[in-house]
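Take a look at the structure below.
Labels below follow one simple rule: chain letters A, B, ... track the order of the sequence lines, proteins then strands, and each chain is numbered from 1. Because the structure is a prediction, the values reported are computed rather than measured.
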Amino acid sequence: MTQKVRVRFAPSPTGPLHIGGVRTALFNYLFAKKHGGDFIIRIEDTDQTRYVDGAEEYIIEALNWLNIPANEGPVSGGNYGPYRQSERKDLYRKYADQLIESGNAYYAFDTSEALDAHRKNHEAEGKTFIYNWHNRLKLDNSLALSEAEVKAKLDSGEEYVIRFKTPQDETLPLTDIVRGAMKIDTNVLDDKVLFKGDGMPTYHLANIVDDHLMEITHVIRGEEWLPSLALHVLLYRAFGWDAPQFAHLPLLMKPVGKGKLSKRDGDKMGFPVFPLEWKTAEGDVFSGYREDGYLPEAVLNMLVFLGWNPGTEQEIFSLEELVAAFDLARVNKSGAKFDPEKTKWFQHHYLQEMDEGMLTAQFKKFLKDKGVTTAVDVSVIVPLLKERATFVQDLWEQGSFFFEAPSTYDEKASKKAFKEDTPEILQKVIELLQGIEDFTATTISDEVKGWITSNDIGFGKVMMPLRLALVGEMKGPDVFEISSILGKKEAVSRIEKAVNFMKQ
RNA sequence: GCUCCAUUAGCAUAGUGGCUAGUGCACCUCACUUUCUAUGAGGAGACAAGGGUUCGAUUCCCUUAUGGAGUACCA
């Protein structure tokens, strides 16, 4: 029996959770649930200078909205806490020391200024400064200095960092579930800082220690971590621990042009890149899927197909179906361009599937928020409008005329529809409507159509101006449905208004 | 620059050593709705390039090109 699957999503609370991060969380969630495992959230806040207020709450709320909550985390708790690295601070030091004792790490006293200077000099010569085997003995660290010198520096309280002593002359084989086998020459790696001058570990140390302590079995993360994989594997080895399995997910790219999707792309191109709306301290607002009216099911379905597919032709998946179908082996290797149009298609689909009573309730709320009061039965018009709606707000877009009589007539359409003989025709229609007792769509339709054919008038001459009179534009459902819902009195009044408008 | 990763139509992708290379979005046409949507039916559109290996390569190998990531006392 293998051990229980435990995966973690480890965001850094430096701002709102990017949609790419949401996908990483989703894949972690699906993998965990598929294998009956646990999904853990861990806040990686080892960089205190980049901490942003509210970011952590945002992350949790976003996952809850999408219905993919964690089993363990800073809010839900668990047996492996604390789940914030800042609260685990005291823990890391001893592991860094352990590495020094075993000869896998060393103290380095080089100041940031000195290292920056080295980098600048190298850059000027077109070279890259790497802190590793080829120069570590020439720099200011415990490998180059005598024991007494090191002790003196340490005792005097001089600031230092702890660096990993990357092994030399080794071809390290790496395995990734998505990419398969890779290998890297350890000589190109640098001696990464594991423990910072401020007493905090870097991501690299903290993530290995925590993943080990939290008994993480699979690390599923973005491709931007692939270059760090060698270091991480080496760290597990240095500690003598079993490494988890790794899976690096392809990046999400902008819809057009080059480069990865960034937070500024969204509002520039008219789609959200965040699950929830986010307001910065400076007052900038980034739109979110939730506030834009997307359903969580649509966002999830869209997201899961970015970099994964089931290998069948099924495209619509409920969360349960995703859990059943998901497989890391079917994750793609190359970056996926984000397609906002496809998102809308999913959204349209899920809106159609939504319970009609629920949709009506949401639309009623929308109307209330807008301050619209009406005698019209909203539950009657929702089914009429819904198939052409992608968002709840589209119902208003499509059917506002049910609640407000048109005050103007679409210019282009009225040129086409309002002709010289139109007032006369509409006047006849008014008389016709007045005479209908059973004011239902079918009866009105029969009466009007019958009248048109028997008088040989031509449908266009009647239907177009009639629609324009009732709606104000060339849109909306069947004109007779509209007439019926508006009621005789209102329908007649709108037609009269149009007649008067034309007479001016 | 260096290291690692990738490359099927505008986008997301399926797939195979030999088939008309499949699907969805978007696009075009028609039908329906005498409007606009939605829907239905059709249609156009792809294996980055060049070398190998092979009886045969989109599929395997190499090179090039393009794209991406990393290259911090950030995650």
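By the 30° and 60° cut-offs, the orientation of the rings of F129(A) relative to H122(A) is perpendicular. Ring-plane geometry between Y58(A) and F274(A) is classed as perpendicular, the angle between the planes exceeding 60 degrees on a 0 to 90 degree scale with a lower cut at 30. Note: W225(A) and H204(A) have perpendicular aromatic rings, judged against thresholds of 30 and 60 degrees for the angle between ring planes. Ring geometry for H248(A) versus F246(A): interplanar angle under 30°, hence parallel rather than tilted (30 to 60°). Note: F391(A) and Y294(A) have perpendicular aromatic rings, judged against thresholds of 30 and 60 degrees for the angle between ring planes.
Between N332(A) and A14(B) there is a side-chain N or O to OP1 or OP2 distance below 4.0 Å. Taking 4.0 angstrom as the limit, K196(A) places a side-chain polar atom (N or O) nearer than this to OP1 or OP2 of C74(B). For T46(A) and A75(B), the shortest distance from a side-chain N or O to OP1 or OP2 is below 4.0 Å. Close to A75(B), at under 4.0 Å from its OP1 or OP2, lies no side-chain N or O of R50(A). When the side-chain nitrogen and oxygen atoms of R163(A) are compared with OP1 and OP2 of A72(B), none of them lie within a distance under 4.0 Å. For the OP1/OP2 pair of A69(B) and a distance below 4.0 Å, the side-chain nitrogens and oxygens of R221(A) include no atom meeting the criterion.
For the ring pair (Phe, Tyr, Trp, His ring centres under 6.0 Å) test with F27(A), the passing option among F326(A), F39(A), F305(A), W308(A) is F326(A); the others fail.
The distance between atom CZ of R179(A) and atom P of C5(B), rounded to the nearest whole Å, is 9 Å. If you measure from atom CG of D140(A) to atom C1' of C73(B), you get 14 Å, rounded to the nearest angstrom. The CH2 atom of W225(A) sits 7 Å away from the P atom of A75(B) (whole-angstrom rounding). In this structure, L172(A) places its CG atom 14 Å from C1' of U3(B), rounding to the nearest Å. Straight-line distance from the CG atom of L252(A) to the C1' atom of C11(B): 13 Å, rounded to whole Å. Between the C1' atom of C73(B) and the CZ atom of F195(A) lies a distance of 11 Å, rounded to the nearest Å. Between the CG atom of D210(A) and the P atom of A75(B) there is a distance of 12 Å, given to the nearest Å. L231(A) places its CG atom 16 Å from the P atom of C4(B), with the value rounded to the nearest Å.
Across all strands shown, U3(B) pairs with A69(B); the Watson-Crick or G-U wobble distances both stay below 3.5 Å. Across all strands shown, C27(B) pairs with G43(B); the Watson-Crick or G-U wobble distances both stay below 3.5 Å. Pairing of G17(B), defined by two Watson-Crick or G-U wobble distances under 3.5 Å, is not identified with any nucleotide. When both pairing distances are held under 3.5 Å, C60(B) makes a Watson-Crick or G-U pair with G52(B). Across the strands present, A38(B) finds no partner; the criterion is a Watson-Crick or G-U wobble pair with both atom distances under 3.5 angstrom.
Distance check on atom C1': G43(B) versus U53(B) gives 39 Å, rounded to whole Å. The P atoms of G50(B) and G68(B) are separated by 24 Å, rounded to the nearest whole Å. Taking the C1' atom of each, U8(B) and G22(B) are spaced 12 Å apart, rounded to whole Å. A6(B) and C60(B): their P atoms are spaced 12 Å apart (whole Å). G10(B) and A44(B) are spaced 13 Å apart, taking the C1' atom of each and rounding to whole Å. Atom C1' of A57(B) sits at a distance of 16 Å from the matching atom of A49(B), rounded to the whole Å. Atom P of A48(B) sits at a distance of 8 Å from the matching atom of U59(B), rounded to the whole Å. Across the C1' atoms, C47(B) and U13(B) are found 13 Å apart, a figure rounded to whole Å.
Base engagement by V161(A) is indicated by at least one non-hydrogen atom pair under 4.0 Å involving a base atom. As judged by a 4.0 angstrom heavy-atom cut-off over every strand, D110(A) is placed among the base-contacting residues. Counting any heavy atom pair closer than 4.0 Å across all strands shown, M182(A) reaches sugar-phosphate atoms only and no base atom. Nucleic acid contact for K333(A): sugar-phosphate only, since backbone atoms but no base atoms lie under 4.0 Å from a heavy atom of the residue. If you check every strand for non-hydrogen atoms under 4.0 Å, P477(A) touches a base. Residue G476(A) is classed as a base contact, given a heavy-atom separation below 4.0 Å to a base. At a threshold of 4.0 angstrom between heavy atoms, the contacts of Y203(A) include nucleobase atoms, whether or not backbone atoms are also involved. No contact: H248(A) has no heavy atom under 4.0 Å from any strand.
Applying the ring-ring contact (aromatic ring centres under 6.0 Å, His included) definition to pairs two or more places apart or across chains, those involving residues 160-187 of chain A are Y107(A)-Y160(A).
No side-chain heavy atom of D198(A) sits less than 4.5 Å from a side-chain heavy atom of Q48(A).
Candidate nucleotides G24(B), C73(B), A6(B) were compared by shortest atom distance to the side chain of W345(A), and G24(B) ranks first. Nearest nucleotide to the L306(A) side chain, out of U71(B), A12(B), A14(B): A12(B). Distances from the side chain of M253(A) to the nucleotides G68(B), A75(B), U7(B) place G68(B) closest. The R388(A) side chain lies nearest to U37(B) when the options are U23(B), U37(B), A75(B). Looking at the side chain of L226(A), the nearest of the listed nucleotides A69(B), C36(B), C4(B) is C4(B). If you check U37(B), C4(B), C36(B) against the side chain of E387(A), the one that comes closest is U37(B). Of the candidates U71(B), C5(B), U13(B), U13(B) carries the atom nearest the A336(A) side chain, counting heavy atoms from C-beta on. Relative to the side chain of E315(A), the nucleotides A6(B), U13(B), G24(B) differ in distance, and G24(B) lies closest. Of the candidates U7(B), A38(B), C11(B), C11(B) carries the atom nearest the K337(A) side chain, counting heavy atoms from C-beta on. Among the nucleotides G70(B), U7(B), A26(B), the one closest to the side chain of E224(A) is G70(B).
Below the 3.5 angstrom threshold, one finds no donor paired with an acceptor across the side chain of S228(A) and the base of G70(B).
Each of L189(A) and A389(A) was matched to the nucleotide of RNA chain B holding its nearest heavy atom; the match closer to the 5' end belongs to L189(A). A residue-by-residue look at A108(A) and K475(A) shows that K475(A) has its nearest nucleotide of RNA chain B further toward the 5' end.
Side chains of T443(A) and T440(A): a donor on one and an acceptor on the other come within 3.5 Å.
The neighbour count for K165(A) NZ, taken as heavy atoms of other residues, nucleotides or ligands under 6.0 Å away, does not exceed 12.
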